[in-house]
Every structure is written in structure tokens, then in C-alpha cells.
Amino acid sequence: MDRMQTERFVSRLTQNTLALILAGGRGSRLKHLTLWRAKPAVPFGGKFRIIDFPLSNCLNSGIRRIAVLTQYKAHSLIRHIQQGWGFLRAELGEFVELVPAQQRVKTSWYTGTADAVFQNLDIIRNHRPDYVLVLAGDHIYKMDYGPMIAYHVAKGADLTIGAIEVPLEMAKAFGVMSVDHDGRVTSFAEKPDHPTPMPGSSDTAMVSMGIYVFNTLFLYEQLIRDSDTPSSSHDFGKDIIPLAIDKYRVVAYPFRDEEGKQAYWRDVGTVDAFWQANMELIGVTPELNLYDQTWPIWTYQAQLPPAKFVFDDEDRRGMAVDSMVSGGCIISGATVRRSLLFSNVRIGSGSELHDCVVLPDVEVGAHCRLTKVVVDRYCRIPDGMVIGEDPEEDAKRFYVSKEGVVLVIPEMLGDRRHYVR
């Protein structure tokens with residue numbers, strides 16, 4: 001099969017695929033960042049939100065039938081998708097459809113990832129897809145789903161699981177699998193205390209990315225069976241996959257880049273991981289290239305003026321070094337080093353920021369010093385405040401992570417207005 005035929009084959013597969021993005025989790029490991037928003041709505045990378053990455057992957061892969069399943073604290077997520085993702089044409093069968101938890105078949109919230117899909121089976125049936133692509137809405141990566149679906153078809157699989165390799169200690173937080181020489185999954189354990197290493201390795205395990213390709217009829221059968229099982233927790237990793245391995249063809253799809261190496265993928269589920277993934281972006285050649293015009297990350301684009309740096313005196317110079325600064329920011333006689341500033345951030349005269357991630361619409365007063373701080377949206381840092389230099393003092397007012405990252409939200413500064421974030 002030549003290249004043109006191959007591309008046409010893949011495009012037909014993606015056209016007949018419905019993507020379901022699971023965006024209803026609590027995201028409790030992100031602590032106060034998810035106090036008033038769902039995890040997929042958390043800002044990332046200077047101008048995006050986490051949900052923009054799986055959505056952009058779908059669009060760039062040719063999958064234009066997408067349903068986003070929401071549940072907890074979904075208002076800002078829903079508003080973001082309405083504002084930034086309403087450009088698809090329903091007349092062409094394209095859509096990003098918001099599907100809130102509606103108790104359509106049960107009088108309860110979603111009790112697990114599988115239950116979230118089961119409660120919306122009637123919606124899936126209405127779209128009549130050949131394949132269903134199930135995605136987590138809370139990971140950062142760029143991936144063409146087309147080759148994965150083609151791999152699924154070529155392998156004659158009932159279910160295909162996207163897989164990456166991680167250090168054995170990290171594997172405890174994921175679904176860990178073993179595969180045979182043909183890529184067929186032979187075992188699967190969700191978040192095991194003692195992960196099984198890959199063959200030939202003592203310190204690496206193969207884990208699930210939370211990305212699944214199902215044959216649609218197979219998905220229906222498994223979800224209905226699972227729903228009728230009282231002892232089930234109704235979760236893909238804990239229930240659906242382990243039971244499917246012995247009776248059906250379940251294969252793993254290794255996620256690799258064009259050179260065959262482990263591709264970029266980040267679970268930003270903790271404050272430390274969130275800070276680190278943002279910090280990686282300010283490097284000279286970060287693994288995640290946000291400037292890649294062949295694979296754009298789409299998002300809601302606010303109409304903002306350019307970033308501005310004012311004053312050039314010896315003791316009052318507006319400057320940013322080794323940093324990313326978004327539109328609408330004003331750095332007024334302040335110094336920003338190795339930091340990432342989201343939109344509409346104001347930094348007052350004489351202030352210094354080092355290794356900080358500052359979310360949108362923040363005001364930092366004059367003569368402040370912030371080091372290794374994540375500042376949530378709408379915070380107003382008063383003049384002269386010092387954060388990130390004394391862990392014991394910081395812990396009295398703010399959240400301090402295991403790695404020493406300080407998280408500040410408006411409520412910790414006495415602001416109880418509970419903004420939509």
C-alpha cells in the first residue's frame with residue numbers, strides 16, 4: 001500500500017471514529033488549583049488549558065466528532081470550550097459536544113471511567129461510529145491518533161491501549177501491563193504497589209496512557225456487562241481491561257516519536273508535576289514544542305495587547321530573562337527570571353520573580369520577591385510580600401509541596417470572592 005493509499009485508509013478510519021474525552025474527575029492531587037475548577041480546565045503553558053491538548057490532537061488527527069464528558073466543577077471548562085471550540089461545522093458532521101453528567105440511566109453521579117461512558121451509550125449510538133476513542137482530558141502531549149486506530153485495525157484488536165514506558169517507581173500511579181512478542185496484553189494491574197518491570201529491564205515499566213480504541217460493538221457489550229456486575233467499580237483500568245485480556249484481543253500501542261524514541265507525555269496531576277511541566281517550556285529546546293506550526297494547539301484567543309516592559313533605570317528596569325510572557329502583561333520596573341507568565345499579569349516596580357508560574361489576571365505589587373511559586377488566577381500579591389524563601393513561614397499561609405513549590409490562591413490572601421477560574 002503506497003503512501004497516498006495509506007493516508008486515505010487512515011482518514012477513513014478517523015472519519016468513522018467518535019472521540020470521548022473524560023473530563024469529569026475531581027483532580028484532588030492538584031490541591032487548591034482544582035478548588036473551583038475541573039482539572040482539564042487548569043491553565044497550562046502560558047495561554048492554554050489542559051483540555052486543549054487532547055482536543056487539538058483530535059482535530060489535527062482528522063477526528064472531528066468529539067464529546068467531552070464533564071461532571072465536577074465544570075463551569076469554567078464548559079465556558080472555555082464554548083468560547084474557543086465553537087468553530088466546527090455541524091453541517092459537515094463536525095462537533096465538540098459538551099455532555100454533562102445527567103443521570104440518564106442511573107440516579108447517581110459517574111462512579112468510574114467506564115460508568116461515565118456507559119451512562120451516555122444512547123448518545124454514542126446516535127452517532128453510529130465504527131470506533132470509539134476514549135481519552136483522558138488531563139494529560140499534556142501531542143499525538144496523532146490516526147496511526148493508533150490503523151494499528152488497532154491491522155492487529156484485529158477488540159481494544160487497543162496507548163502505552164508509554166516510565167520509571168518503575170512512577171509506575172505505581174498508572175495501569176501497568178505486560179505484553180507478548182506480538183504486542184498483545186497478557187496482564188494488567190491498576191496502580192499496583194509493586195509494578196512489574198518490562199522484560200530485560202529492572203527499572204522501567206510499560207503503563208497505560210488512559211487512551212483506548214474500542215470496536216464500538218465490543219465497547220457496548222463490555223459496558224453493559226460491567227454495569228450488570230454489582231461488585232464492579234465500573235472503571236476501565238480496574239474492571240474492563242483485566243477481564244477482557246483473557247477472552248478478547250487486547251493489544252498495546254507504544255507511543256513513540258518519529259525517531260522511534262519515547263514521545264513526550266506528561267501527567268500534570270500534582271502541584272510539583274504541574275510546575276515542572278510548565279518550567280520545561282521555557283528551556284531553549286523543550287521536548288514539547290508549542291511553536292510547531294504543523295501541529296498547532298488550538299485554544300480560546302483573548303484579544304489582548306502585546307506584553308510590555310517599562311523603565312530602564314539601574315534600580316528600576318522592566319525585564320524578563322529565560323522566560324515566557326503572554327499578551328496583556330506589564331512588567332513595570334520588575335525582574336522576571338526563569339518564569340512563565342500567563343495573560344494579563346502585572347508586576348510592580350522593584351519586584352523579583354524567579355522560577356514562578358503565574359496564571360492569568362494576577363497582580364504582583366511593588367518590591368515583592370517570589371521564588372518557585374505557582375500563583376493562581378486573580379491573586380493580588382500585596383506590596384513587599386516575600387514567598388518561597390522560608391518554607392516554614394510559607395506553610396502557615398500557603399500550600400507547600402514535597403519539592404518545595406509554593407501554591408498561592410486568592411483565598412489564602414484573604415480574598416473570598418470565589419472567582420470563576
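Predicted model only: the values in this text are computed from it and were never measured.
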Give every donor-acceptor pair under 3.5 Å between a side-chain atom in residues 163-175 and any protein atom, sequence neighbours left out.
{"unit_1": "Glu165", "atom_1": "OE2", "unit_2": "Arg256", "atom_2": "NH2", "d": "3.0"}
{"unit_1": "Glu169", "atom_1": "OE2", "unit_2": "Lys172", "atom_2": "NZ", "d": "3.4"}

Side-chain donor/acceptor of Asn16 to backbone N/O of Arg12, under 3.5 Å:
yes
Might you work through the salt bridge (Lys or Arg N to Asp or Glu O under 4.0 Å) test for Asp390 and Lys396, ending with a clear yes or no?
CA-CA 10 Å; Asp390 186 337; Lys396 295 177 182 178; over 6 Å; no
Please indicate whether Lys142 has more than 12 foreign heavy atoms, meaning atoms of other residues, nucleotides or ligands, lying under 6.0 Å from its NZ.
yes
Answer yes or no: are there more than 12 heavy-atom neighbours, outside Arg369 itself, under 6.0 Å from its atom CZ?
no
Between Asn278 and Phe342, is any pair of side-chain heavy atoms under 4.5 Å apart?
yes
Can you name the closest pair of heavy atoms from Met143 and Ile211 and give their distance?
SD-CD1, 3.8 Å
Do Arg65 and Phe95 have side chains that get closer than 4.5 Å, going by heavy atoms?
yes
Verdict with supporting geometry, Asp182 and Lys155, side chain to side chain contact (heavy atoms under 4.5 Å, CB included)
CA-CA 9 Å; Asp182 192 38; Lys155 287 288 187 179; 2.9 Å; yes
Check whether any side-chain N or O of Lys191 sits under 3.5 Å from a backbone N or O of Lys238 as a donor-acceptor pair, and report yes or no.
no
Could you tell me whether the side chains of Thr186 and Asp180 share a donor-acceptor contact shorter than 3.5 Å?
no
CG of Leu20 to CG of Leu69: how many Å apart, nearest 0.5 Å?
6.0 Å
If the threshold is 4.0 Å, N to carboxylate O, is there a salt bridge linking Asp415 and Arg417?
yes
Rounding to 0.5 Å, atoms CG (Leu219) and CG (Leu18) come to a distance of 10.0 Å
Result for ring pair (Phe, Tyr, Trp, His ring centres under 6.0 Å) between Phe214 and one of Phe236, Tyr248, Tyr131 points to Phe236
Salt bridge check: are Asp322 and Arg338 linked by an N-O gap of less than 4.0 Å?
no
Salt-bridge contact Arg377-Asp361 (side-chain N to carboxylate O under 4.0 Å)
yes
Show the nearest heavy-atom pair for residues Gly388 and Asp394, with the distance to one decimal.
N-OD2, 2.9 Å
Side-chain donor-acceptor contacts of residues 144-151 below 3.5 Å, not counting sequence neighbours, with atom names and distances?
{"unit_1": "Asp144", "atom_1": "OD1", "unit_2": "Ser61", "atom_2": "OG", "d": "3.4"}
{"unit_1": "Asp144", "atom_1": "OD1", "unit_2": "Gly146", "atom_2": "N", "d": "2.9"}
{"unit_1": "Tyr145", "atom_1": "OH", "unit_2": "Asn57", "atom_2": "ND2", "d": "3.4"}
{"unit_1": "Tyr145", "atom_1": "OH", "unit_2": "Tyr141", "atom_2": "OH", "d": "2.6"}
{"unit_1": "Tyr151", "atom_1": "OH", "unit_2": "Ala252", "atom_2": "O", "d": "3.0"}

Give a yes or no on whether a salt bridge exists between Arg29 and Asp267, defined as a side-chain N under 4.0 angstrom from a carboxylate O.
yes
Taking the six-membered ring of Tyr220, is the NZ or CZ of Arg125 close enough (under 6.0 Å from the centre) and on axis enough (within 45°)?
yes
Quick one: does any side-chain atom of Ser56 pair with a main-chain N or O of Ile297 as donor and acceptor, under 3.5 Å?
no
Looking at side-chain heavy atoms only, is the closest gap between Leu59 and Arg64 below 4.5 Å?
yes
Is atom CD of Glu91 surrounded by more than 12 heavy atoms (other residues, nucleotides or ligands) closer than 6.0 Å?
yes
For atom CH2 of Trp298, is the number of surrounding heavy atoms from other residues, nucleotides or ligands below 6.0 Å larger than 12?
no
Nearest heavy atoms of Asp226 and Ser232, plus distance in Å
OD1-OG, 2.5 Å
Is a side-chain N or O of Ser326 found less than 3.5 angstrom from the main chain of Gly46, in a donor-acceptor match?
yes
Does a side-chain N-to-carboxylate-O contact under 4.0 Å join Asp376 and Arg421?
yes
Keeping the roles fixed (side chain from Gln71, backbone from Tyr110), state whether a donor-acceptor pair exists under 3.5 Å.
yes
Throw together a table of side-chain donor-acceptor distances under 3.5 angstrom for residues 76-88, partners on residues two or more places apart or in other chains.
{"unit_1": "His80", "atom_1": "NE2", "unit_2": "Asp52", "atom_2": "OD1", "d": "2.8"}
{"unit_1": "His80", "atom_1": "NE2", "unit_2": "Asp52", "atom_2": "OD2", "d": "3.3"}
{"unit_1": "Trp85", "atom_1": "NE1", "unit_2": "Asp52", "atom_2": "OD1", "d": "3.0"}

For the pair Lys73 (side chain) and Leu35 (backbone), establish whether a donor and an acceptor sit closer than 3.5 Å, ignoring hydrogens and angles.
yes
